[in-house]
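Read the structure below first, then the notes.
Numbers restart at 1 for each chain; the letters A, B, ... are given by sequence-line order, proteins then strands.
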Number of protein chains: 2
Amino acid sequence: MNLPPLCESFVLHFGEMGSRWGINRTVGQIYAVLFVSDRPLCADDIVERLGISRSNVSMGLKELHSWNLLRPHNIQGDRREFYGTPDDIYAIVRTLVDERKKREIDPTLTMLRELLMQSPESEPERHAQDRMREMHELIELMTGWYADVQKLETERLIQLLSLGSKVVKVLDFKDKIVSLPGSLMKGK
Amino acid sequence: MNLPPLCESFVLHFGEMGSRWGINRTVGQIYAVLFVSDRPLCADDIVERLGISRSNVSMGLKELHSWNLLRPHNIQGDRREFYGTPDDIYAIVRTLVDERKKREIDPTLTMLRELLMQSPESEPERHAQDRMREMHELIELMTGWYADVQKLETERLIQLLSLGSKVVKVLDFKDKIVSLPGSLMKGK
DNA sequence: TTGAATTTTCAGTATTTGTTGAAAATTCGG
DNA sequence: CCGAATTTTCAACAAATACTGAAAATTCAA
């Protein structure tokens, strides 16, 4: 592997982690190398840095592309395609969550909805369906929250995340105020 | 597979999904079968329902145990061990998130912290380290939020999730009130 | 203790997934 | 168009992961 030590450690770790996620080692490494690079890289740059075959890089890039995780750059007077990752790391995380949701959650929601429409033919099936209903409700609640929060600009999102559970206190406070007779509330 | 049709569909789907996560098909199926069952099951019940080998079930249960996802039941006068899943699906999700965080996030945080302490020896390394710093900050923000929210009782959590991004409006409202001269605020 | 019931381990095998080089396909300047 | 540069595909091979049966280990009632 042809990288400065700091980058190499990072890339190796990402490769390992990659396999704990659904993605494979090489794909993880390719992304890592692009993520820390100070300029967009072409396929052969990646071959050189990671010491893997050209075809493997091609397939890795294809995979990353299908995850919407790449930012292609065209360099004037060079036929090769260069790749980087989005500068905004919040954007990266959004994309990642969106894609994982699409692949790991949405199909389950669809399946659950289908099974919930069927009529159970026996007691065990009735119970199974109740469990599925609970699961469906919870997933809907969480994905609904995400769909909603996803729309916030980064600024707001950070504000929200920084508050953590303290928002609950604010909600209590609001309830108190709003229920006061002759409250201050006017618009919104 | 020896299950009523409704359950079989659910179990098969979970098996498929399992492989998109880090876990394998069988482990996913075992959990699914326990999740929808109306009573705790012993290893041989699972063998019978899924049509896989006894040893495979044993390993699958071991894996699920390491994820803290099982609830063992002792049945009076029966030497076999019976397993179920927690009744509270919120508890299941909490466990799941905790474990994934432990396996997929925490090691990365540790690695990042280590690499951030080193001094970059070159310009590319300096840039790489900046990227790592961004990543580190974002992960800390998100895990901090989670650690905080995790402590809420289910009731509160549902309240929070249901609100979604509307909490931001509430925060604006609060800011308005709090900045009023002679505000109503007293306690808190 | 003993030994039947039950669970776990593990070496061997099967299956799946990842990697490669070579060949085919594409792209684009001339 | 042509053909050099570049990318993609794919069949063969390699590596990793999953699954099994048989044997070892454990558990517990008698």
Side-chain angles (χ1 to χ4, degrees), chain A residues 1-2 11-12 14-34 40-67 70-84 103-104, chain B residues 1-2 11-12 14-34 40-67 70-84 103-104:
Chain A
M1 200 167 285
N2 196 356
V11 166
L12 286 173
F14 249 67
E16 285 315 305
M17 264 357 212
S19 33
R20 298 208 190 173
W21 290 38
I23 72 172
N24 77 42
R25 198 163 41 80
T26 307
V27 173
Q29 290 184 352
I30 294 176
Y31 200 74
V33 102
L34 294 176
L41 303 178
C42 73
D44 284 310
D45 293 332
I46 299 169
V47 168
E48 200 240 334
R49 282 166 175 68
L50 298 183
I52 59 180
S53 76
R54 183 52 235 270
S55 49
N56 204 357
V57 170
S58 179
M59 286 171 140
L61 288 172
K62 195 167 135 196
E63 171 84 4
L64 288 172
H65 179 76
S66 83
W67 281 80
L70 293 181
R71 207 152 97 70
H73 291 249
N74 268 37
I75 288 188
Q76 177 57 258
D78 194 325
R79 270 168 63 183
R80 291 168 303 174
E81 189 67 66
F82 288 76
Y83 300 94
R103 291 157 198 242
E104 301 177 4
Chain B
M1 201 168 282
N2 197 356
V11 166
L12 286 174
F14 249 67
E16 285 316 306
M17 265 356 211
S19 31
R20 297 209 192 173
W21 291 36
I23 71 173
N24 78 42
R25 196 162 42 81
T26 307
V27 173
Q29 290 184 353
I30 293 177
Y31 200 74
V33 102
L34 294 177
L41 302 178
C42 73
D44 284 309
D45 293 331
I46 299 171
V47 167
E48 201 240 334
R49 283 165 175 68
L50 297 183
I52 59 181
S53 76
R54 183 53 234 270
S55 48
N56 204 357
V57 170
S58 179
M59 286 169 139
L61 288 172
K62 196 167 134 195
E63 171 83 5
L64 288 173
H65 180 75
S66 83
W67 281 80
L70 294 181
R71 207 152 97 70
H73 292 251
N74 268 38
I75 289 188
Q76 176 58 258
D78 193 327
R79 270 167 65 182
R80 292 169 302 172
E81 189 67 66
F82 288 76
Y83 300 96
R103 289 157 200 243
E104 300 177 5

Going by salt bridge (Lys or Arg N to Asp or Glu O under 4.0 Å), name the residues that satisfy it together with A/R54, two or more places apart in sequence or in a different chain. none
Of the residues in residues 14-24 of chain B, which ones touch DNA chain D at a heavy-atom distance under 4.0 Å? B/N24
Let me have the donor-acceptor pairs involving side chains of residues 45-53 of chain A, under 3.5 Å, with sequence neighbours excluded, atom names and distances please.
from	atom 1	to	atom 2	distance (Å)
A/D45	OD2	A/C42	N	2.9
A/E48	OE2	A/N2	ND2	2.7
A/R49	NH1	A/D45	O	3.4
A/S53	OG	A/S55	OG	3.3
A/S53	OG	A/N56	N	3.1

Using the test side-chain contact (heavy atoms from CB on, under 4.5 Å), find all partners of B/M17 that sit at least two apart in sequence or belong to another chain. A/P107, A/T108, B/H13, B/R20
When you measure from every atom of DNA chain C, which of residues 26-34 of chain A have a heavy atom less than 4.0 Å away? A/T26
All side-chain contact (heavy atoms from CB on, under 4.5 Å) counterparts of A/H73, not counting sequence neighbours: A/P40, A/R71, A/F82
Terminal axes of the helix from C/dT1-D/dA30 to C/dG30-D/dC1 (five pairs each): angle between them, nearest 10 degrees: 30°
Which parts of nucleotides 23-30 of chain C does protein reach within less than 4.0 Å, heavy atoms only, written one letter per nucleotide 5' to 3' as B for base, S for sugar-phosphate only and - for none? ----BB--
Sequence neighbours excluded, which residues qualify as ring pair (Phe, Tyr, Trp, His ring centres under 6.0 Å) partners of B/Y31? none
side-chain contact (heavy atoms from CB on, under 4.5 Å) partners of A/E16, counting only residues at least two apart: A/R25
Contacts of A/E104 that satisfy salt bridge (Lys or Arg N to Asp or Glu O under 4.0 Å) - sequence neighbours left out: A/R100
For DNA chain D, which residues in residues 42-54 of chain A have a heavy atom at a distance below 4.0 Å? A/R54
